[in-house]
Asks: 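What follows is a structure written as structure tokens; I'll ask about it next.
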Amino acid sequence: MIVAQISRAGGPFELVERPKPEPGPGQVLIKVEACGICHSDQIFKEGHWPGLKFPVVPGHEVAGRVEKIGPNVKLFQPGQKVGVGWNGGYCSHCEPCREGEFPFCTSGATTAASFDGGYGEYMVAPESAVAAMPDGLDPVEAGPLLCAGITTYNALRHSGAKSGDLVAIQGIGGLGHLAVQYANKSSYNTVAISRGKDKEPFARELGAHHYIDDANGDAAQQLQKLGGAKVILATAPSAKAISGLAGGLKYKGKLVIVAAPHENVEVSPLWLLMGSRSVAGHYSGYAKDSEDALAFSALTGVRPKVEVYPLAKVAEAYDRMMSNKARFRVVLKMGAEPKSHAH
């Protein structure tokens with residue numbers, strides 16, 4: 001098989017041939033059909049992950065089919081459509097697992113760090129990291145749903161917002177363009193927040209009922225004119241922009257952050273306590289959450305906007321994603337012709 005590996009921190013992608021792996025006990029061999037490229041892949045390419053061992057094969061937006069199962073695998077069968085996301089499975093024995101909080105397993109298993117990811121023709125993953133995928137989803141579109149999709153879908157469904165509540169999505173990029181769709185399909189009164197009037201038609205195409213141009217930094221005031229937001233989901237990594245949004249919360253409103261800016265977000269404690277408002281982060285989720293996100297997407301028609309590249313052009317595809325010019329996710333398609341195209 002061919003994989004795209006990194007041999008040293010900050011090194012280039014290398015297309016190398018390896019023997020096709022065999023699944024061990026509790027493991028699943030997956031024939032990769034597509035794998036999305038995520039900004040988080042930079043953590044592995046640049047060697048920022050603690051204790052990372054090289055060579056490493058990145059990729060945690062994996063869509064494919066089961067090729068072979070190891071002993072004791074019960075959930076999956078050869079030929080079945082599956083996916084693998086960021087969460088690399090769980091041990092079932094630690095305190096978080098015993099409480100049913102599998103994403104917080106103390107093993108810390110993470111795809112691409114604990115085992116090779118999906119930048120290749122095959123990969124092996126533990127059964128607990130694998131998500132069943134419904135029919136009707138194109139692998140190229142399913143890949144990003146296993147990261148950007150589950151991240152925004154899971155955060156929204158656990159936010160406390162109810163049907164009809166005013167829910168604002170900050171940013172309509174890789175995460176946000178999916179979040180707006182999920183918010184609309186969840187029957188929220190959906191607000192998209194971005195910079196520039198030129199983005200309004202696209203925001204409304206995605207399902208936004210309202211569009212706020214935050215070019216002047218007055219999104220909070222505009223949200224209050226709409227009655228205040230029950231939930232604001234921050235998807236664009238700008239600490240300044242996120243900090244300015246808290247003032248747009250309704251009483252008992254919640255600012256949920258799934259973007260990760262390097263700077264600190266600043267919020268007035270007085271504003272929070274006087275209205276019982278809150279600020280929270282939300283972890284993406286584990287395999288069952290991925291299954292739920294995939295099923296909801298298949299049911300409601302939520303799909304990412306993607307640009308497709310063959311594995312042979314992995315370096316070009318990675319640079320395209322990191323440039324922030326992609327609209328809106330970049331996906332490697334195994335066996336694709338060596339030519340990129342919009343999908």
Asks: Answer yes or no: is there an ion pair linking Glu22 with Lys68, defined by an N-O contact shorter than 4.0 Å?
Replies: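 Looking at Lys68 together with Glu22, the answer is yes, because their closest N to O distance falls below 4.0 Å.
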Asks: Identify the two heavy atoms, one from Ala113 and one from Trp49, that lie closest to each other, and give their separation to 0.1 Å.
Replies: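 Looking at all heavy atoms of both residues, the closest pair is CB-NE1, 3.5 Å.
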Asks: Can Lys45 be said to sit on top of Phe13's aromatic six-ring, NZ or CZ under 6.0 Å from centre and within 45° of the ring axis?
Replies: yes
Asks: Please identify which of these residues, Asp289, Thr151, Asn87, Asn154, meets the side-chain hydrogen bond (donor to acceptor under 3.5 Å, both in side chains) condition with Tyr283.
Replies: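 By the side-chain hydrogen bond (donor to acceptor under 3.5 Å, both in side chains) criterion, Tyr283 pairs with just one of Asp289, Thr151, Asn87, Asn154: Asn87.
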Asks: Transitively linked via ILVMFWY side-chain contacts under 4.5 Å: Ile6 with Trp86?
Replies: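 Yes.
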Asks: What heavy-atom pair brings Ser186 and Phe296 nearest, and what distance separates the two atoms?
Replies: OG-CZ, 3.9 Å
Asks: Locate the shortest heavy-atom distance separating Asp116 from Met123; write the atom from each residue and the value.
Replies: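 Distance-wise, the nearest heavy atoms are O-CE, 3.4 Å.
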Asks: What is the distance from atom CZ of Arg157 to atom OG1 of Thr152, rounded to the nearest 0.5 Å?
Replies: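 Going from the CZ atom of Arg157 to the OG1 atom of Thr152 covers 11.5 Å.
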Asks: Which is it for Tyr309 and Tyr318 under the side-chain contact (heavy atoms from CB on, under 4.5 Å) test, yes or no, and what are the steps along the way?
Replies: CA-CA 10 Å; Tyr309 290 77; Tyr318 178 86; over 6 Å; no
Asks: What's the shortest heavy-atom distance between Ala155 and Leu233, and which atoms?
Replies: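 It is CB-CD1, 3.9 Å.
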Asks: Given side-chain contact (heavy atoms from CB on, under 4.5 Å), test Arg329 with Glu61 step by step and report yes or no.
Replies: CA-CA 11 Å; Arg329 306 295 291 188; Glu61 300 182 1; 2.6 Å; yes
Asks: Show, in sequence, the C-alpha distance, side-chain angles and deciding distance for Leu137 and Asp135, and conclude whether the side-chain contact (heavy atoms from CB on, under 4.5 Å) test is met.
Replies: CA-CA 6 Å; Leu137 280 178; Asp135 292 328; over 6 Å; no
Asks: Check the side chains of Arg303 and Gln181 for a donor-acceptor pair under 3.5 angstrom, ignoring hydrogens and angles.
Replies: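 Distance-only check fails for Gln181 and Arg303.
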Asks: Taking the ring centre of each residue, are Phe44 and Phe54 less than 6.0 Å apart?
Replies: no
Asks: Report the C-alpha distance between Val231 and Val256 in whole Å, list the side-chain angles of each, state the deciding distance to 0.1 Å, and finish with yes or no for side-chain contact (heavy atoms from CB on, under 4.5 Å).
Replies: CA-CA 7 Å; Val231 171; Val256 183; 4.2 Å; yes
Asks: Parallel, tilted or perpendicular: which describes the rings of His158 and His282, with under 30° parallel and over 60° perpendicular?
Replies: parallel
Asks: So that I can tick it off, tell me whether Glu67 and Lys20 are bridged by a salt bridge, with the cut-off set at under 4.0 angstrom between side-chain N and carboxylate O.
Replies: yes
